[in-house]
Structure formats: C-alpha cells, structure tokens
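Beneath this line is the structure, given in structure tokens, with notes to follow.
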Number of protein chains: 2
Amino acid sequence: MSLPHAAAREDDASTLGVEIYSRLRRDLIAGHLQPGERLRFRQLSASYGVGIAPLREALSRLVSDQLVRFEGHRGYTVAPLSMADLYDLCALRTDLSCKALRQSIERGDDDWEAEILAALHRLERSPLPQSVGERKVSDEWEQRHERFHFSLISACDSPRLLHFCGALSDHFQRYRRAVIVVTSASEELLQRVREQHRAVAEATIARDADRATQILAEHFQGSVEVVARNYEAISRDLASGPVPVRG
Amino acid sequence: MSLPHAAAREDDASTLGVEIYSRLRRDLIAGHLQPGERLRFRQLSASYGVGIAPLREALSRLVSDQLVRFEGHRGYTVAPLSMADLYDLCALRTDLSCKALRQSIERGDDDWEAEILAALHRLERSPLPQSVGERKVSDEWEQRHERFHFSLISACDSPRLLHFCGALSDHFQRYRRAVIVVTSASEELLQRVREQHRAVAEATIARDADRATQILAEHFQGSVEVVARNYEAISRDLASGPVPVRG
DNA sequence: AACAGCCAAATGTTCGAAATTCCAGCGCCT
DNA sequence: AGGCGCTGGAATTTCGAACATTTGGCTGTT
C-alpha cells in the first residue's frame, strides 16, 4: 500500500476542515442524515472524531452549497426536502444539463467519446443494490452513474456551467437517495433506464444533439416522476405512522 | 426594555461570522481586495476587528461562493479574474437571466410591475460617480442597478434559478468594479445603457418576452465588451509598468 | 388548570494559545 | 555557480476553555 502520490498528497495537503467537509457532503447526499435534523456539534464531534473548529468550517461551506441551513445561535440543520424544490431543481437541471450536453457534443474529441463508453460500461456492469442495507453497492452504483452523466457533458468548455450541473446533480441525488429507501424499481423501469443510458450515449457520440438532449430530458423527467411518487408515499407514511428512519 | 422586535432580533440573531461574511463579500465584489491577494488572518483580524474563528467561517463560505480560493496550510486568496472566466460567466448569466426574465414575464403581477418602475426610477435618479474615490456614490449606484435587474426577474418562481442569477450577477459586478477603476464611460455609452434599461423595463411590463430578452442580452453583451476592453487595457498597464495596487 | 416569569442545563459562539506546516534565507557541498 | 538541506520565523490549523444565548422545566400566581 504505499502507492500513490495522489492519495498521500491529498491527505497531507488537506486539512481536517476540508476532509470533514467532503465526508459530511457525502453523507448528506447519501441520505444518512435526515432532512431537518439538527446537526449538533457534540454529536458530530463524536461521530466524526474531530474538534469543533473544523466542523464549523465544513458546515459553513455546506451552507453556501445549500445542503445545510444555519440560524444564528440555534445551530445548523440538514436542508429540508420539498416537492416544490424537487420540481424546481429538476427543471433547472434538465435545462442546464441539456445546454452543457449540446456544447459538449460540439466540442468533444476522441478521448471524450472513449470516456463516455468506458463510463457507460462501468455503469452497466455495476450491480444494483438488492436491499436497503447495501451501502457499499449503492455508493458504487451512484458513483458510476454520476460519472457517466458527467462524462457526457464534460467536454463542455464552461467551467461554471459544469459546476452548476454538478451542484444540481448532487442535490437531485440527495432527493433520490433519501426517498428511494427500498429498491422499489420494477424490472421494467430499470430496463428503460438502462436503455436511456445507452441511447443517450449513442446519440451523443453520433453528435446528434437534438436526439441526445431529447433522451436526456426524458431520462431526467422519468427520474423525477419516480422520486416524486416515492416522496409522496413516504410523506403519507410519515403522516400516518411514525417511521423515523433515524433519530 | 423591549420594543423593536425586528431590529433587535436581527442584531441578536446575527453572529460575528455571518456579519463578517457579508462585509467580506461586499468588499470582494466592490473590488476593495485585489484578485490573487492573500487574505492573512492577522491582517483581516486587524481590519475587521474580529477574531480568527469568525473569519474562518466567513472565508469558508466564500470558498463555496467561488469568490475566494483556499489551499491547505497556505491560506485563503482572493479569486483571480481572467478573460476566459469573464466570457464564460457572462454567457451563462445572459442565458439564465433571459430564462428567468421569460418566466417572470409569464407570472408577474401588478406589484411586480410597480417594483420594476420604482427600481428604474431610483436607478435613473442615482448620480454616477465622477471620480475614482467616490465609494459611497458608487456603492449606491451599484445597489440600485442590482435592484433594478433583480426586479425584472423577481417574479420568476424558481428560487434556484434566482439564486444562480444572483451569484452570477455578483461575480460580474466584481469584474466590472475591479476593472472600471476610472469612470471611463463616454456620455454616449452611458446614454445607451440608460436607454437599454428603460427599454427592457418597458418591454417587460408590456409582456413582450422576445423583445425584453433581446434587449437584456444586448445590454449584457455591451457590458461585457466594455469590461473586456478595460480589462485588456489594465493588463497591458500591469505588463509594462509595475503598478501593484496592493501587496 | 393555565400561564407568565425565572432558573438551570444544554448548546452555540468566540477567543487565546499550542501544535503543525510552509517559506525564505543561509551555509554547504558538488 | 548552482543545487541541496537545514533552520528560524511566520502563518495556518486545531484544540480547550471562557462567554453568550437559547431551551425546557419549575414555581408561584390567577
């Protein structure tokens, strides 16, 4: 184990503050923290094994990322979820991602095409989590899914647009993972999603911007609908029976 | 004692951290801090009269806002400016603002129209700074200008889109104020800008989305060109004669 | 029983100092 | 001369404790 410059460097050059920022961010997006949950310093300090100073730094950044809310003298809380925000988020994400995809299709080179195919392959080979508890499987799939979607738009030469797309993608992922606690997808749905991934990759590499953005938009639209259905189901559950997943 | 709920509340509920965040943010956008300049804690602590803890908090947020850069164990620096970023920024800003304007035109009510007219009036009555040193005049004009542009898109019902527009507007303002140190505008240019403001307000209230977005895009395009010209002039100055404003 | 006011515990905020890391200058070796 | 490693100083990072604010409960009154 000694290999890598990169990893060791990261550890060195990195401070506790940014490390905790990354970990908290991951956990927020993965849904390990309940929306609205208070983020108490004592509790966080114990779970993450760091002092308060780095935590404040990390949480401050997350406030600007809009993943965490802050109220003076009352502490930090996990940003809430809402249907209105979900739709807003997704409309904007669709718009910006399609814009980025068009630019990417205009400018992409051979390496970009190769990366798309590679990412698609990794995604298709990634096993889907069969039960709720399989965090590792779920994390792995999410990472590959994210990477595939990023590969599509990565040739777009607007860093700011990519940044926004990434931020929106993270927020959407939080909705998805918060809501789809049970693998509630039918085989038919899964098949359709896989087909959309293949189709968007194909159209993208064929430089058919209209078709690619069309499929991507449909793909996002489908995802939103699934999330929205699950969200409403969960809201009903919460209203009738108290089923706190955590806390 | 106890009367004013609102005002007292604001002061109370606010922490040093968020207060410093606002002040730093204002100063960054206003160009009082040079791009690339190191932000040393001792120096900041002295100028702003606060300890290191609130400063770290504020700077962390500004990193996520992309107004400040951070390198582990090497501290914080003011985010640099570049022509490439300027064009990227403005292309995206134009796109998103026009999108928001369209939505706003679809949904705006009487109060929205009234606010646009009020903001336009305040902007037209605001004196322009005649010399470099007039910070107060400059701040006042910028605030009214900002408010006018915000009023146009404020009826858009996408909080996230508005947030992005605001962030991009702040970044662009930083370019403008960093670069236009001398009031280098010809009377002709000023007149054209005033005319654009009037025209976009008029078209917006007339619910002519095509015309309004057209004018807004031209307005932004014109601004970019002015900023770009000044930026290049300043770059030449810096290249030929060493004129470090600070540091 | 309901409610205002107050007290104490918990929590968040800020400071000062210790530990760690970077950087520039200097001497030394090739 | 040029490169390498060391070292002293400066800056950043982190912690622990002091300070301030909120919150929930208790008491006493109506």
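Just so it is clear: chains get the letters A, B, ... in the order the sequence lines come, proteins before strands, and each one is counted from 1. Excluded from the calculations below are hydrogen atoms, water molecules and symmetry mates; all remaining heavy atoms, backbone and side chain alike, are included. The model shown is predicted, which means the values in this text are computed figures rather than measured ones.
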Would you give a per-nucleotide map of nucleotides 10-17 of chain D, 5' to 3', where B means the base has a protein non-hydrogen atom under 4.0 Å away, S means only the sugar-phosphate does, and - means neither?
-SSSBB--

Between B:D170 and B:R93, is there a side-chain N and carboxylate O pair less than 4.0 Å apart?
no

Going by the rule salt bridge (Lys or Arg N to Asp or Glu O under 4.0 Å), which residues pair with A:R147 if we only count those two or more places apart in sequence or in a different chain?
A:E115

Under a plain distance cut-off of 3.5 Å, with no hydrogens placed, do B:Q173 and B:H145 share a side-chain donor-acceptor pair?
no

Taking atom CZ as the centre, does A:R69 end up with more than 12 heavy-atom neighbours from other residues, nucleotides or ligands that are less than 6.0 angstrom away?
no

Between B:R144 and B:E140, does any NZ, NE, NH1 or NH2 come within less than 4.0 Å of an OD or OE carboxylate oxygen?
yes

